[in-house]
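Report on one structure; see the data block that follows.
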Number of protein chains: 2
Amino acid sequence: EKTYEVLRKCNLALVVVDIHIGITEFETEFIKQLKRRRIPCICVINKSDRDISEDLKTISTDDIPAVHVSAVTGFGIEKLKNVIVENSNFEDVEPALVSDLICPGDLLVLVTPIDKSAPKGRLILPQQQTIRDIIEKDAIALVTKEQKLKHVLGGLKIPPAMVITDSQAFKKVASDTPTEIPMTSFSILFARQKGDLAEMVRGIQQIKRLASGDKVLIVEGCTHQCQADDIGKVKIPGWIRGIAGDDIQFDFVSGAHFMEDLSEYALIVHCGGCMLNRREMLYRVEKAREQGVYITNYGVLIAYVMGILKRAIKPFPEASAVLEESNKNNEKEE
Amino acid sequence: EKTYEVLRKCNLALVVVDIHIGITEFETEFIKQLKRRRIPCICVINKSDRDISEDLKTISTDDIPAVHVSAVTGFGIEKLKNVIVENSNFEDVEPALVSDLICPGDLLVLVTPIDKSAPKGRLILPQQQTIRDIIEKDAIALVTKEQKLKHVLGGLKIPPAMVITDSQAFKKVASDTPTEIPMTSFSILFARQKGDLAEMVRGIQQIKRLASGDKVLIVEGCTHQCQADDIGKVKIPGWIRGIAGDDIQFDFVSGAHFMEDLSEYALIVHCGGCMLNRREMLYRVEKAREQGVYITNYGVLIAYVMGILKRAIKPFPEASAVLEESNKNNEKEE
């Protein structure tokens, strides 16, 4: 099962076979699993020394590329390297973070509070990646703490194309940013890039329907050191209880592991997934959907709690449509 | 010798002693070396199980804190952890990158070309650290590629407090930044933080004095993948030959290693050292100074080659004084 977990992060699998043993049922099943997950695969037929008898050379690998190598003599290794390069699929197209929404020359304002969990002297990954995405588009990134946002906006001749904030500062940033300036959060950008923003917006509607005794699963993709006011462990349960009542139950899971059986949960709240890849996030969303469990994420939840979800997803028509639809349904219900 | 190399990056040393053997000449010499380098040190007396005889417990460690532990039973480990925390000196005060030169609310423009050597989707460490240093000071960092700098400067109501550029774009940035706006480079900021900017400015003067057959050592602190137009391997030798003649010889060294004997070199050109710590950089500068070898770095050299060293070090009075002094001396010689 651990192996299948690793597969979710895998861009290419090498299935190593001993030429003297050939492909057994184990490899056949394994290759089937790879195909189901659309992971490209190369069969590496090891111990193919030069003096191997001809009949051993006819291992059938169906439609999978196969390379004869010898780990001992080094035979075939150069060829294997080439086949890896030809078959690997690292460019798995991730949707852009923000560059598809902006034009060259646009100015974007990034609001990045510095808290104890930020790595000393550096920027956290989502901030870095957003800045890079902006400047690669020949646009301009302006980075500020939340306290200086007003000052920053006042110092610009032309208003910025967008303000992107850390969710921590959502409330202050929303009130300091004139409503005509688009505003969203890093975690909403990442929800869109890594997974399925519309599904996360659908998921958040479940909060209002949570009932006494319901269980909520909080998921973090990495195993960071918990802070005293940890967002996943403390703040989110607090907010959910504030909305849905004190007797909501919480389970927590973090790291590479994600449960097979999610059916006992009424809602899953996932972190932004900055340490997970898109394949893994989509797998998790799909897993929840299969089992009829609503899933949302930290950024969407925080925007919802702050009462600014509508504004924060306005730049994303698909997600906005989901929100509008469910607001209509709610009205009908009421 | 490898051990002594590692010491240069070391904030705390644990000297582990077997209680049955005690402190031998080896440990005594080692502790002496630690003291010479001002590295705090703890003597860990292992195999101190509970039933050890009283006379073994009197190992003398002079003025060095000593902790009795047993790796087998776990005895003393908690105490050791506390002693480590008390004695470690990770907060070794590095001078600021730029925050000591600016005020809260200041706007700084950072020019960051994106080339093939930048890590995919991220920012290189010097850029990250500079942004962080700026926002921690409650100042504002505006990040742009070099092509948009003019556009950026035109869009500001108040000119920025400083423009900081990657050395690659020095020439364009110098010409696009009005002379009344202070301008420097990431590598000059790092030369100041990591080592000794004034010494690097003193070192660059040596370029004009290089004579036929002189040897120059190019040093990189990390072992990055070389690009076709690699700065250390290709560009810097080209520039130096352009100034000092085609028959200047070059040696290259990279990574953690730094030679003991530098005496055959007429000049050392060091990288910015973003992967080295200040202790290590100062050790290298001192090593060169001891042997009467001039040392400079990439950023100072590039600024010099582009004819903008004077402008780029203007924010740093000590380094500017060195440059002025050597210019005066040159005039006298001429």
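Protein chains get the first letters and strands the later ones, always in sequence-line order, with residue 1 at the start of each.
With salt bridges taken as basic N to acidic carboxylate O contacts below 4.0 Å, one links A:D138 and B:K145.
For the set A:I158, A:T130, A:I131, the entry with the most heavy-atom pairs within less than 4.5 Å of chain B is A:I131. Options B:I134, B:D133, B:I140, B:L108 differ in how many heavy-atom pairs under 4.5 Å they form with chain A, and the most are formed by B:I140. Among B:T144, B:V152, B:L123, the residue making the largest number of heavy-atom pairs under 4.5 Å with chain A is B:L123.
Around NZ of B:K235, the count of heavy atoms belonging to other residues, nucleotides or ligands within 6.0 Å exceeds 12. Residue A:E136 qualifies as enclosed at atom CD: its count of foreign heavy atoms under 6.0 Å is above 12.
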> Please walk me through it: do A:R122 and B:L125 pass side chain to side chain contact (heavy atoms under 4.5 Å, CB included)?
Replying inline: CA-CA 8 Å; A:R122 303 195 184 191; B:L125 195 55; 3.6 Å; yes
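Heavy atoms of B:L97 lying under 4.5 Å from chain A are absent altogether. Only the side chain of A:L107 comes within contact range of chain B, with heavy atoms under 4.5 Å apart. Within the 4.5 angstrom heavy-atom criterion, atoms from both the backbone and the side chain of A:T112 approach chain B.
Screening residues 149-163 of chain B for side-chain hydrogen bond (donor to acceptor under 3.5 Å, both in side chains), with sequence neighbours left out, gives no hits.
The stretch residues 174-184 of chain A places none of its residues near chain B, where near means some heavy atom under 4.5 Å from a heavy atom of that chain.
Distance CZ/B:R132 to CD/A:Q127: 8.5 Å, rounded to 0.5 Å.
Checked options A:V143, A:V111, A:L110; the residue passing with B:I135 is A:V143 (criterion: side-chain contact (heavy atoms from CB on, under 4.5 Å)).
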